[in-house]
2 protein chains.
Amino acid sequence: MENITHNTENRILEAARDVFHRKGFNGARMQEIANLANINKSLLHYYFRNKELLFEKVFNDTFSQLASKMGGIFMSEMTLISKIETFVELYLIFISEHSYVMQFIINALQDRPERLRDIITNQNINPELLLEKIHKQLKNEMGIDMDPLQLYVNLLALVIFPVVAKPLLQSIFSLSDERMAVFYEERKKIVPVFIENALKGYEKDKKLG
Amino acid sequence: MENITHNTENRILEAARDVFHRKGFNGARMQEIANLANINKSLLHYYFRNKELLFEKVFNDTFSQLASKMGGIFMSEMTLISKIETFVELYLIFISEHSYVMQFIINALQDRPERLRDIITNQNINPELLLEKIHKQLKNEMGIDMDPLQLYVNLLALVIFPVVAKPLLQSIFSLSDERMAVFYEERKKIVPVFIENALKGYEKDKKLG
DNA sequence: GTCTATATCCAGATAGAC
DNA sequence: GTCTATCTGGATATAGAC
């Protein structure tokens with residue numbers, strides 16, 4: 001029986017993912033990918049033609065995986081509060097194992113925003129539908145009429161930023177690795193409460209859209 | 001009288017700042033910087049020896065400028081609530097004119113976290129003192145005993161992330177440039193209220209650190 | 001499919017005239 | 001200080017044997 005769809009190809013993809021995630025397109029070296037995959041450099045071209053195509057493959061795979069993980073929770077049938085709690089918990093676990101992923105995607109899109117256009121339609125995720133769902137739940141479960149995009153972005157911000165900006169925060173405030181670990185662990189509790197409290201406040205003064 | 005401390009040197013620095021901010025160290029080309037500054041490529045080396053040193057100069061200047069802008073507000077004598085409102089307002093204006101700055105710094109530090117170590121001590125900003133001040137104000141003005149780092153990071157996250165992730169958000173949710181402009185304008189109102197509400201919630205259940 | 005050897009290109013850096 | 005011309009190294013990519 002074959003190994004999981006062509007062993008060499010997969011070794012290359014894993015190595016490429018690792019290197020591209022950490023160094024981005026411009027920082028990555030084909031030689032480093034080859035070394036990591038324990039294969040000859042020219043095999044990279046045999047399987048993926050050139051660096052750009054290899055990068056695209058990695059980007060598409062990475063984004064798809066992330067999108068289903070991040071969108072999936074909000075398309076389920078929990079209460080909004082539960083979704084938020086679940087999201088924070090799962091994301092903080094995921095990101096501790098893949099700390100470079102978000103920055104990789106953000107950088108890749110800053111260079112070429114058009115990278116996403118094709119991919120999204122191919123996903124089973126529908127961003128507009130997701131916002132609609134949040135909007136309805138805000139209204140029905142909490143009596144809040146708020147732009148769901150603002151809420152969703154706030155949630156993403158509170159979860160993603162502290163991870164992406166880790167080196168920045170750690171340098172500025174002279175935080176040890178242990179202190180950072182505690183900091184992230186605390187956030188699993190703090191962030192959901194922070195958001196819930198913020199939302200409860202909106203129930204009273206509904207003037208804000 | 002001389003122009004502002006050597007005209008050519010300054011033209012180079014402005015051009016370098018622009019290119020490095022948009023493309024990062026690896027993506028930037030010395031030729032592009034020279035073109036933008038309207039000077040010969042070899043002058044870059046005459047003034048700054050090599051690419052690495054030119055980058056360092058740009059990084060240090062950029063960070064110092066940003067640090068004083070971001071830290072200064074919180075060292076002033078306003079109420080905490082006023083500081084938060086002022087910070088959001090000023091930052092969102094600043095960043096709309098320098099949209100690449102934060103990502104530039106984050107990326108530069110991801111590649112080499114040690115870049116900051118020397119700089120910070122040279123600044124008149126004291127991060128520990130800043131946290132202390134926030135901590136005291138939380139307690140005195142709002143009766144909250146909360147980790148000030150968590151609050152400060154939340155604030156940074158809510159302001160910085162939506163700008164850094166602009167291409168991501170715009171692609172995923174198919175948002176026009178006009179829609180994005182409205183979105184950011186709205187945040188000037190929404191973010192301070194969001195944070196204030198979240199804090200008010202903490203006043204009641206103080207169990208969280 | 002996998003390797004070695006090589007072509008090609010291009011960016012950073014230097015030499016040296018003016 | 002500023003320019004032209006050039007060196008050099010390194011990275012992607014290809015040719016071709018096995």
Side-chain angles (χ1 to χ4, degrees), chain A residues 1-62 100 104 107-108 110-112 115, chain B residues 1-62 100 104 107-108 110-112 115:
Chain A
M1 53 180 171
E2 313 168 351
N3 282 342
I4 327 132
T5 55
H6 219 264
N7 204 295
T8 304
E9 188 167 335
N10 273 90
R11 288 229 309 286
I12 292 176
L13 278 176
E14 276 181 40
R17 181 150 28 91
D18 185 19
V19 175
F20 279 134
H21 281 191
R22 282 185 290 111
K23 313 218 169 161
F25 182 81
N26 288 317
R29 297 286 166 258
M30 298 293 265
Q31 185 63 61
E32 188 180 356
I33 295 173
N35 291 346
L36 201 63
N38 260 308
I39 51 123
N40 190 284
K41 206 176 43 158
S42 53
L43 280 183
L44 298 178
H45 295 89
Y46 176 81
Y47 280 98
F48 296 96
R49 191 162 189 84
N50 60 39
K51 189 181 178 182
E52 179 65 35
L53 287 174
L54 178 55
F55 183 84
E56 270 178 32
K57 178 85 175 106
V58 169
F59 177 83
N60 291 354
D61 288 354
T62 302
Y100 295 103
F104 164 76
N107 283 328
Q110 182 149 120
D111 292 346
R112 297 187 170 211
R115 279 193 208 281
Chain B
M1 53 180 170
E2 313 169 349
N3 282 342
I4 328 133
T5 54
H6 219 265
N7 204 295
T8 305
E9 188 167 333
N10 272 90
R11 286 231 308 286
I12 292 175
L13 279 175
E14 277 180 41
R17 182 151 27 92
D18 185 20
V19 175
F20 279 134
H21 280 191
R22 282 185 290 109
K23 313 216 167 160
F25 181 81
N26 287 318
R29 296 288 166 258
M30 296 294 264
Q31 185 64 61
E32 189 180 354
I33 294 172
N35 292 344
L36 200 63
N38 259 309
I39 51 124
N40 190 283
K41 202 176 50 157
S42 52
L43 280 183
L44 297 177
H45 294 89
Y46 177 79
Y47 280 96
F48 296 94
R49 188 160 189 88
N50 62 38
K51 188 182 179 183
E52 179 64 35
L53 287 174
L54 178 54
F55 183 84
E56 268 178 33
K57 176 85 175 106
V58 169
F59 177 82
N60 290 355
D61 289 355
T62 302
Y100 295 102
F104 164 76
N107 283 330
Q110 180 146 124
D111 293 345
R112 297 186 169 209
R115 277 192 208 284

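Here is the naming used below: chain letters follow the sequence lines, and residue numbers restart at 1 for every chain. As the structure is a prediction and not an experimental result, all values here were calculated from the model.
For B:K51 and D:dG10, the NZ to C1' distance is 13 Å, given to the nearest whole Å. What separates CG of B:L44 from P of C:dT14 is a distance of 13 Å, to the nearest Å. To the nearest angstrom, P of D:dG1 lies 13 Å from CG of B:N10. Separating the CZ atom of B:F48 from the P atom of D:dT2 is a distance of 12 Å, rounded to the nearest angstrom. Separating the CD atom of B:E9 from the C1' atom of D:dG1 is a distance of 12 Å, rounded to the nearest angstrom. Distance, B:N50 CG to D:dG10 C1': 17 Å, rounded to whole Å. Separating the CD atom of B:E52 from the P atom of C:dG12 is a distance of 12 Å, rounded to the nearest angstrom. Nucleotide D:dT4 holds its C1' atom 12 Å from the CG atom of B:L43, rounded to whole Å.
Taking all atoms of both residues into account, the shortest heavy-atom contact from A:A34 to A:N40 is CB-C, 4.2 Å.
Between the side chain of A:R11 and the backbone N or O of A:A37 there is at least one donor-acceptor pair closer than 3.5 Å.
When the nearest nucleotides of DNA chain C are assigned to A:Y46 and A:K41 by heavy-atom distance, the more 5′-ward of the two goes with A:Y46.
Between D:dT14 and A:H45, no contact under 4.0 Å exists linking OP1 or OP2 to a side-chain N or O. For the OP1/OP2 pair of D:dT2 and a distance below 4.0 Å, the side-chain nitrogens and oxygens of B:Y47 include at least one atom meeting the criterion. Put simply, A:T8 has a side-chain N or O that comes within less than 4.0 Å of OP1 or OP2 on C:dT2.
Side-chain N/O atoms of A:S42 and base N/O atoms of D:dT14 include no donor-acceptor pair closer than 3.5 Å.
Proximity of B:L53 to B:E56: side-chain heavy atoms (C-beta onward) are separated by under 4.5 Å at one or more points.
Ring centroid separation for the pair A:F104 and A:F55 comes in under the 6.0 Å cut-off.
Less than 4.0 Å separates DNA chain D from at least one heavy atom of each of the following residues of residues 12-40 of chain B: B:N40.
Geometrically, B:K51 engages B:F25 in a cation-pi contact, judged by NZ or CZ lying under 6.0 Å from the ring centre and within 45° of the ring axis.
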Residues B:E52, B:R115; criterion salt bridge (charged side-chain N to carboxylate O under 4.0 Å, His left out); working and verdict: CA-CA 12 Å; B:E52 179 64 35; B:R115 277 192 208 284; 3.4 Å; yes

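Within the structure, every pair that satisfies the salt bridge (charged side-chain N to carboxylate O under 4.0 Å, His left out) test and touches residues 27-45 of chain B, not counting sequence neighbours, is listed here: B:R22-B:E32, B:K23-B:E32.
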